[in-house]
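Residue numbers start at 1 and run along the sequence shown. Side chains included, hydrogens not; waters and symmetry mates left out as well; all remaining heavy atoms used.
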Amino acid sequence: VQLQASGGGLVEAGGSLRLSCVASGRTFSTFAMAWFRQTPGKEREFVAAISYSGGSTDYADSVKGRFTVSRDNAKNTLFLQMNTLKPEDTAVYYCAAVARDYWEDYASALDFDYDNWGQGTLVTVSS
């Protein structure tokens with residue numbers, strides 16, 4: 001599956017952004033999805049994940065209550081709604097995907113679980 005992330009940009013602290021990740025090439029509804037982020041000099045960090053059905057989600061403690069992950073399987077699109085943004089949210093955000101069997105309807109926070117990655121979209125939050 002090919003992944004194309006978009007929606008990043010410059011926003012003031014306290015503002016909101018919505019990231020999108022469009023998938024093509026395979027049946028999107030069979031893929032568990034996730035968002036990760038990375039800043040220069042730091043390791044990639046888990047942000048949010050969602051199961052293939054959308055029935056299970058997981059969030060990093062640092063974004064709980066502020067970010068919401070969702071998906072529209074009819075449009076092959078993953079979303080990340082980011083509210084109350086903080087300067088420490090500044091990073092390149094990547095979407096990731098992994099194919100699942102029907103009994104594997106869970107969200108994973110582990111980056112090594114994912115074998116398809118998008119190109120990243122930059123989010124910059126000014127103070």
Could you give the distance from CD (Glu45) to OH (Tyr93), rounded to the nearest 0.5 Å?
7.5 Å
Got a donor-acceptor contact below 3.5 angstrom from the Asp105 side chain to the Ser53 backbone?
yes
What is the distance from atom OH of Tyr102 to atom OH of Tyr52, rounded to the nearest 0.5 Å?
9.0 Å
State the CD1-OH distance between Ile50 and Tyr59, to the nearest 0.5 angstrom.
7.0 Å
Report yes or no: is the cationic atom of Arg100 (NZ for Lys, CZ for Arg) under 6.0 Å from the centre of the six-membered ring of Phe31, at an angle within 45° of the ring normal?
no
Treating Thr90 as the side-chain partner and Val125 as the backbone partner, does any N or O pair qualify as donor plus acceptor under 3.5 Å?
yes
Cationic tip of Arg37 above Phe46 ring, under 6.0 Å, 45° of axis:
no
Would a distance-only check, ignoring hydrogens and angles, find a side-chain to backbone donor-acceptor pair under 3.5 Å from Asp101 to Trp103?
no
So which heavy atom on Ser29 is nearest to which on Asn73, and how close?
CB-ND2, 3.7 Å
Under a 4.5 Å cut-off applied to non-hydrogen side-chain atoms, are Asn83 and Thr68 in contact?
no
With a 4.0 Å cut-off, would you call Lys86 and Asp89 a salt bridge?
no
Does Trp117 reach the side chain of Asp111, with side-chain heavy atoms less than 4.5 Å apart?
yes
Quick one: do Leu122 and Val11 end up in the same hydrophobic cluster if we chain Ile, Leu, Val, Met, Phe, Trp and Tyr together by side-chain heavy atoms under 4.5 Å apart?
no
Determine whether Phe28 and Val1 fall in the same hydrophobic cluster, where Ile, Leu, Val, Met, Phe, Trp and Tyr are linked whenever their side-chain heavy atoms lie under 4.5 Å apart.
yes
For the residue pair Arg71 and Phe79, would you count it as a cation-pi contact if the rule is NZ or CZ under 6.0 angstrom from the ring centre and within 45 degrees of the ring axis?
no
Determine, stepwise, if the pair Tyr114 / Phe36 fulfils ring-ring contact (aromatic ring centres under 6.0 Å, His included).
CA-CA 11 Å; Tyr114 298 90; Phe36 291 81; 5.8 Å; yes
Does Thr77 use its side chain to pair, donor to acceptor, with the backbone of Lys75 at less than 3.5 Å?
yes
Euclidean distance, Thr121 OG1 relative to Gln119 CD, rounded to 0.5 Å:
7.0 Å
Does some side-chain heavy atom of Ser16 sit less than 4.5 Å from a side-chain heavy atom of Gln81?
yes
Derivation and outcome, side-chain hydrogen bond (donor to acceptor under 3.5 Å, both in side chains), residues Asp113 and Ser108:
CA-CA 7 Å; Asp113 271 353; Ser108 174; 2.5 Å; yes
Quick check on the hydrophobic clustering: are Leu17 and Tyr94 connected, directly or via other members, by side-chain heavy-atom contacts under 4.5 Å?
no
